[in-house]
Amino acid sequence: MLTVKRTINFSLRGSVLAILPWVLSALLTLLLIYSLFAIKQIPTPPEKDMLVRKVEVALPVPPPPPPKIQTQSTKQQSSSVSIDLLSLGGGLELSYSDKPQMAMPEVEHLEKPDFGMDSLKIQQRMTFDMPLLAVESLDQVPQVVSQEYFPPPRSITKQGLKRASTLVELIINTQGKPFIKKIVDPFHPDMVPVIRKWVEKARFTVPKKDGRAVQAIYLYGIHFNYGRS
């Protein structure tokens with residue numbers, strides 16, 4: 001009897017062990033199906049509403065267009081300007097030909113300008129760092145020490161004049177050399193060259209102030225005597 005019971009027990013255990021894996025597989029399958037079904041039943045939260053706002057972007061104002069170059073006005077101005085060539089130069093004439101030639105106006109006489117060359121010599125020969133003193137303030141009035149005779153002009157001899165008194169403003173330097181500053185009274189217009197020659201060759205005593213040589217301004221009367229026999 002014991003042998004039969006043991007055989008039955010062993011056969012039961014073997015069948016149980018053989019069925020157990022299938023049972024476990026079935027349970028796992030059921031559990032998985034239940035899990036999927038439970039997941040589907042969970043309510044999903046509602047999606048949040050998205051607020052869309054309209055943003056206006058202000059673009060920068062474009063720069064103004066560059067000003068137009070006024071070429072027409074300049075052309076009009078340039079075309080309106082005219083040069084009167086005939087009025088320039090006292091009647092200049094232009095001959096429009098293959099070989100243009102200039103016709104200069106005929107001038108009968110041109111007066112020679114009177115330039116005071118003595119004033120230029122004053123600038124070259126005088127010492128400008130020394131003041132000009134009047135003869136009244138000198139130790140003594142300068143005297144003529146040398147001079148030359150110059151014949152009178154024809155206009156003087158034709159009139160029979162024997163004496164020509166002139167008045168000249170002189171500047172005498174520290175060597176006694178006179179220069180003409182101004183011919184105050186030439187007595188006659190033709191006497192001007194004679195006065196200039198006389199001053200060029202004349203010499204005075206050195207003007208002094210307190211024993212020292214100075215430059216002096218002297219209003220001097222030159223008397224030309226032509227009454228020689």
Side-chain angles (χ1 to χ4, degrees), residues 83-94 102-229:
I83 300 175
D84 188 4
L85 296 177
L86 296 178
S87 62
L88 297 176
L92 180 64
E93 296 180 359
L94 295 179
M102 286 189 177
M104 299 301 294
E106 295 182 0
V107 180
E108 295 180 357
H109 178 69
L110 289 177
E111 295 183 359
K112 183 179 179 181
D114 187 12
F115 293 101
M117 299 303 295
D118 291 324
S119 61
L120 299 178
K121 293 178 182 179
I122 291 175
Q123 296 179 358
Q124 296 176 358
R125 300 183 184 180
M126 290 187 61
T127 305
F128 288 96
D129 57 352
M130 298 182 64
L132 292 174
L133 300 179
V135 293
E136 293 82 1
S137 61
L138 301 178
D139 296 342
Q140 59 181 3
V141 178
Q143 302 293 326
V144 177
V145 295
S146 65
Q147 59 180 325
E148 292 186 10
Y149 173 81
F150 295 96
R154 290 184 180 181
S155 58
I156 300 297
T157 56
K158 285 182 180 181
Q159 295 180 15
L161 299 175
K162 302 299 183 181
R163 181 181 176 87
S165 298
T166 63
L167 187 61
V168 185
E169 190 174 12
L170 299 176
I171 295 178
I172 306 175
N173 65 5
T174 55
Q175 285 78 36
K177 175 69 177 70
F179 299 92
I180 295 177
K181 183 183 180 191
K182 182 180 179 181
I183 299 178
V184 179
D185 183 10
F187 179 77
H188 193 278
D190 294 340
M191 287 296 297
V192 173
V194 180
I195 295 173
R196 295 186 182 279
K197 291 178 182 179
W198 186 91
V199 174
E200 177 68 23
K201 299 298 182 180
R203 290 295 182 273
F204 284 76
T205 56
V206 176
K208 294 183 179 182
K209 175 66 174 178
D210 298 332
R212 299 179 59 182
V214 294
Q215 295 179 148
I217 185 168
Y218 191 4
L219 187 61
Y220 186 72
I222 306 173
H223 305 288
F224 296 93
N225 296 317
Y226 300 119
R228 297 179 181 179
S229 56

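Side-chain atoms are counted along with the backbone in the values below, which use heavy atoms only and exclude waters and symmetry mates.
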With rounding to the nearest 0.5 Å, note down the distance linking OG1 in T157 to CG in D190. 10.0 Å
Considering all heavy atoms of both residues, which atom of A164 and which atom of M191 are nearest to each other, and what is their separation? CB-CE, 4.0 Å
Among residues at least two apart in sequence or on other chains, which ones pass side-chain contact (heavy atoms from CB on, under 4.5 Å) with D185? L167
Would you name the heavy atoms of N173 and K177 that are closest together and state the gap between them? OD1-N, 2.7 Å
Taking everything shown except R163 itself, do over 12 heavy atoms lie less than 6.0 Å from its CZ? yes
Residues in side-chain contact (heavy atoms from CB on, under 4.5 Å) contact with E169, at least two apart in sequence or another chain: K181, K182, V184, I217, L219
Where is the tightest heavy-atom contact between I195 and P186, given as atom of each residue plus distance? CD1-CA, 3.9 Å
Looking only at heavy atoms, the pair that brings A202 and P178 closest together is O-CD, 3.2 Å
State the NZ-CG distance between K208 and L138, to the nearest 0.5 angstrom. 11.5 Å
Not counting sequence neighbours, which residues clear side-chain contact (heavy atoms from CB on, under 4.5 Å) with K197? List them please. F150
For D139, all residues meeting side chain to side chain donor-acceptor pair (under 3.5 Å), sequence neighbours excluded: none
Give the minimum heavy-atom separation between W198 and E148, together with the two atoms involved. CD1-O, 3.5 Å
For Y220, what residues pass the ring-ring contact (aromatic ring centres under 6.0 Å, His included) criterion, not counting sequence neighbours? F204, Y218
Test side-chain contact (heavy atoms from CB on, under 4.5 Å) applied to Q140 - qualifying residues, sequence neighbours left out: none
Set out, in order, the CA-CA distance, both residues' side-chain angles and the distance that settles side chain to side chain contact (heavy atoms under 4.5 Å, CB included) for I172 and V135, then state yes or no. CA-CA 10 Å; I172 306 175; V135 293; 6.0 Å; no
Minimal heavy-atom distance between H223 and S165, with the atoms involved, is ND1-OG, 3.0 Å
Partner residues of T205 under the side chain to side chain donor-acceptor pair (under 3.5 Å) criterion, sequence neighbours left out: none
In Å, rounded to the nearest 0.5 Å, how long is the span from CG of N225 to CG of L161? 12.0 Å
Approximate separation, where rounding is to 0.5 Å, of T166 OG1 and F224 CZ: 5.0 Å
